[in-house]
Structures are given as C-alpha cells and as structure tokens.
Number of protein chains: 2
Amino acid sequence: MTQSIKTSVDAVVFGYDPEEGVSVLLITRKYEPFRKSWALPGGLVKNDESLEQAVNRELKEEAGIDVNYLEQLYTFGKPDRDPRNRVISVAYYGLVRPKDYQLSADTDAEDVAWFSIKKLPKLAFDHKHIVDVAIKRLQGKLAYEPVGFELLEKKFPFSDLEKLYQSLLSHELDRRNFKKKIMNYGFLEELEESIQRGAGRPARLYQFNKKKYFELKENGYNFDLFI
Amino acid sequence: MTQSIKTSVDAVVFGYDPEEGVSVLLITRKYEPFRKSWALPGGLVKNDESLEQAVNRELKEEAGIDVNYLEQLYTFGKPDRDPRNRVISVAYYGLVRPKDYQLSADTDAEDVAWFSIKKLPKLAFDHKHIVDVAIKRLQGKLAYEPVGFELLEKKFPFSDLEKLYQSLLSHELDRRNFKKKIMNYGFLEELEESIQRGAGRPARLYQFNKKKYFELKENGYNFDLFI
DNA sequence: GCAAAAGTGTTATTGGTACACCCATGG
DNA sequence: CCATGGGTGTACCAATAACACTTTTGC
C-alpha cells in the first residue's frame, strides 16, 4: 500500500506580560475531531510551501498574528496521535512582543485567546504534550541565549526582564547579581528615559543591542545564564 | 488539490574510533534520483509505524546496524529538496559503539561504509546539510551531556574520551584539567584493569556509571563542559 | 636507552554567590 | 509620611586556567 501520511504544522506562540506572566496562543477548532476544543493554531502544509511559510500562513489566517521569532521545536509522529488519519505534525514555537500580544479582532469566526501557561485548558490531540515540550525548550533557550528580548517591548524597565526570567525559570534570583551579569555581557543599553508604572520610583528603560549581541556571538561568546 | 507530500526519515549515525576520529555511516543509493550516489540511510515511513521505528528499520535493512542512542535532529521540508516529489524528511542522529562500528557484511547489495567527517564524499539531496546540522548538534550535546560514552567502548582508557572531545570540539584541552573536571562529577569509575595499545605506558580503563549519572541529573546537576 | 603515551599538583585569577540599605515617586 | 517598587557595592568562596616533569612500557 502506498503511503498515506499527512503533514501538518502546529505553532506554540508565546507572549509575555509582566502582570500575567508567560501565555500561549490558542484557538478553538472549527471541525471534527475535537470540534470546539481548544487547540494550537496550525494545519496541513500545502504542496508548494515551506514548513515556515505554512506556520506563518496559519498564524495569520487563524489568529491574525505575526511572530518575530520562529523556531522549529520537534516533529510529532506517533501513528495514533490523530484519531482519524495518520498526521505527523512539525511543531514550531514562536515569540511575540506585547503590542502584537493584543489580538486583532478581525480574525475568523473561531475563538482566539491567550492562556497563561499556569492555567491551560484541556487541549485537542497531543497538543498539551507539545506545549510542555515547547515550555521546556523555551526555558532551556532562555538559559543560554537572550531570546527573552523578543518577548519584551523594544524599551523596557530592567525589572521586566527580571520578572520574565523568574516566572519562566520559577525560582528566585538576586536582583543585583542578575543585573551585574546581564550588564557585563554588554549587549544591553541603558537609556536616558524612565517610565513609571503604578506605585514606586520610576524605572530606567533599557534596550537590547542586537548588533553588539551578534558580534559577541560571532566571537564565540557563551551566554550561559544558568541562574 | 489534496496534499501530496511524502514523509521520510533519514539517519546520521556517528561512530568513533580513536585513530580515525568521528565517522558517519553512508550508503549508496539503488534507485534514481541520485542512483549510486552516497547518501544517508533512510526512506519512507510506513503508514503504521512510528518515526523511530522507521529509522531503526531502515538502519537494519540498509546497513545491518543497531544504534544505542537515537535522537530526533530536525525536520527538513523545503519544497524542492527532492527533485521529483515533495518529500519532507525527519532526520535523526544516532551513536554507535566501536564493536557495532564493524559493519556486518550481509546487508543488501548496495554499498555501506563509514566516512570520517573530515573527508565526506558528495552526498545526494540536501544530505550534506543534514550532516552539518547533526555535527553541530553533536558538538553542542557533548558540551552539556556526556553522550560521548555512547560512542566509546564500555571500558575505555581515559585518553579515548579526551581524544573524542578534542577531535569533535577541535581545540586543544589540558589533560589534567579535563580529567579533574570529569572525575569530579563522579559518574566515571576507574577500574583495576589496564590495556596497552601500541607504544607507551599502559592505560587504566574507566567506565561510565549510568546510574550515578542519572541520580546527579535528577538532582538538577548541570554538566557544562564548556571546554 | 630512547621514543611514546600515561599519569599527576599547585598556584593565580576569575566568576559566582550571598547579603541589606537607601531612593524616588504617588497617594 | 508611608507604601511601593527601583537602585546599588562588597566580601567570601568556588571553579577555572595555566603550567612541566615523572612513570611505564616496547623496541
């Protein structure tokens, strides 16, 4: 018998908000199986598009969102992961900044929403497992590459970065030591501006210097933030 | 038009020999396209088998080999990577010990051989690229997990481990410091036996204590051999 | 006895960790 | 004036890096 395996892509898109912590973008399914269940955005790959194109297309169609970082996560291929057909899914994970985090309303009829990774609903297929793998990967990635900057506003107070690391790595970290370490790398610039949010002293804004970061990286620098 | 994408697996199997360095297992293709060209072992996934089963089956059929470590590498899905059909390939990389490294002769008619990663022949499809990705991954993996032991004999002289790291990370390392670091982790046991190979003083044999390793790992130990 | 590989300790420097008080603002 | 979050420096300890000579064997 000839091969009858379908290929799909699924995307685990992470957003971050200092109040809410890390969230994942979910949609409700329009069709059986798992109709009306929450699921990862994704769908079948078209014959002439690349996997990345497929992910970006689905994200646009289903959630009206553009990610600014996208990386392949893992390919899930157990024969029974879809109850109807054999479908292997190439999963990606993406990161979006807070401003894209506000979903544009004009997407399809289906529901789209952010869910904190601490309070996920029941998910279709093996999507819970895929999300778990993505979270682990993001944690690992964060520990040796400053991808966190893709989740923050272009200009942000230092405490946002700190909170991001704390919420994702889920353990305390020393404010002074953390700042010392990050600033020592030299890819983070302190700006003249400040902002104030709620109570307390206004906070200086910082921005990530990508150019400097890539220079350091070229020179074989290791960013091991094994915090 | 309905989807007509095929799913295959390809395997980058690494072997190691202290004399030869790190090698990759290649086969010659029986059919067009790229007939008689060197290529990675692999082939189409069957409808009812998992991706891992497919890799292991192909390795058995095409090269008569069993790997003792297998991990998914990346999924390659560019529309034009196969000149005839659209085929996405889920690539795996595997490690074998020297004794499996000797290929059993009774495989199919096609050629099977090891090639040093320093002297690879021209490869079919995008297999050169896949091998490059696998090498990078192995280097990275080696730096934070002792997978190297899967490449060495059960009992081995310390210098084999040292040579493995040197050849793969391609820079000098201090014998004393390296040994100090590895032995400090506590998952490597010194045996009473020695062997002698060629000239020079006989070398003590060592063996990897997997149980101890997993204990340490459970306790959140980090093996960062950023050498 | 010489060539070849194995084995072994000490010191200096660096980076990591622990730790507590003052500052600027809004209400 | 007080509550809230922002900002900062030092001292100790642990890990890393640099470094060269001796031992055991085969030939």
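Order of the sequence lines sets the chain letters (A, B, ...), proteins ahead of strands, with each chain counted from 1. Please read all numbers here as calculations on a predicted model, not as lab measurements.
Set against dC19(D), dG7(C), dG6(D), the side chain of Ala203(B) has dG7(C) as its closest nucleotide. Of all nucleotides listed (dG9(D), dC19(D), dG7(C)), dG7(C) comes nearest to the side chain of Arg201(B). Of the candidates dG7(D), dT4(D), dT17(C), dT17(C) carries the atom nearest the Asn177(A) side chain, counting heavy atoms from C-beta on.
Positionally, the nearest nucleotide of DNA chain D for Lys179(A) lies more toward the 5' end than for the other of Lys179(A) and Arg175(B). Between Pro202(A) and Arg176(A), the one whose closest nucleotide on DNA chain C sits nearer the 5' end is Arg176(A). Both Gly198(B) and Asp160(A) lie near DNA chain D, and the one whose nearest nucleotide falls closer to the 5' end is Asp160(A).
The separation between Phe223(B) atom CZ and dA15(D) atom P is 14 Å, rounded to whole Å. At whole-Å resolution of the value, CG in Asp174(B) and C1' in dG7(C) are 13 Å apart. Here the P atom of nucleotide dT17(C) and the CG atom of Leu173(A) are 11 Å apart, to the nearest Å. When the C1' atom of dA5(C) is taken as reference, atom NZ of Lys163(B) falls 8 Å away, rounded to whole Å. Atom CZ in Arg204(B) sits about 8 Å away from atom P in dG7(C), given to the nearest Å. Between the CD atom of Glu172(B) and the C1' atom of dA18(D) there is a distance of 14 Å, rounded to whole Å. Per the geometry, CD1 belonging to Ile182(A) stands 11 Å off P belonging to dG16(C), to the nearest Å. dA6(C) atom P lies 11 Å from atom OH of Tyr206(B), rounded to whole Å.
The pair Lys99(A)-Glu153(A) does not meet the salt-bridge criterion, since no charged nitrogen lies less than 4.0 angstrom from a carboxylate oxygen. Between Glu150(A) and Lys210(A) there is a salt bridge, with a side-chain nitrogen of the basic residue lying less than 4.0 Å from a carboxylate oxygen of the acidic one.
Under 4.0 angstrom from either OP1 or OP2 of dG26(C) there lies at least one side-chain N or O belonging to Gln196(A). Between Ser159(A) and dG5(D), a side-chain N or O to OP1/OP2 separation shorter than 4.0 Å is absent. Contact annotation: Lys180(B) side-chain N/O to dG9(C) OP1/OP2 distance is not under 4.0 Å.
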Residues Phe125(B), Phe76(B); criterion ring pair (Phe, Tyr, Trp, His ring centres under 6.0 Å); working and verdict: CA-CA 11 Å; Phe125(B) 306 106; Phe76(B) 298 87; over 10 Å; no
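Asp66(B) and Val96(B) make their closest contact through O-CG1, 3.9 Å (heavy atoms, listed as atom of the first residue, atom of the second, distance).
Between the side chains of Tyr213(A) and Glu215(A), not a single donor N or O lies within less than 3.5 Å of an accepting N or O.
Among the protein residues, Asn184(A) comes within range of no part of the nucleic acid, since none of its heavy atoms lies under 4.0 Å from any strand.
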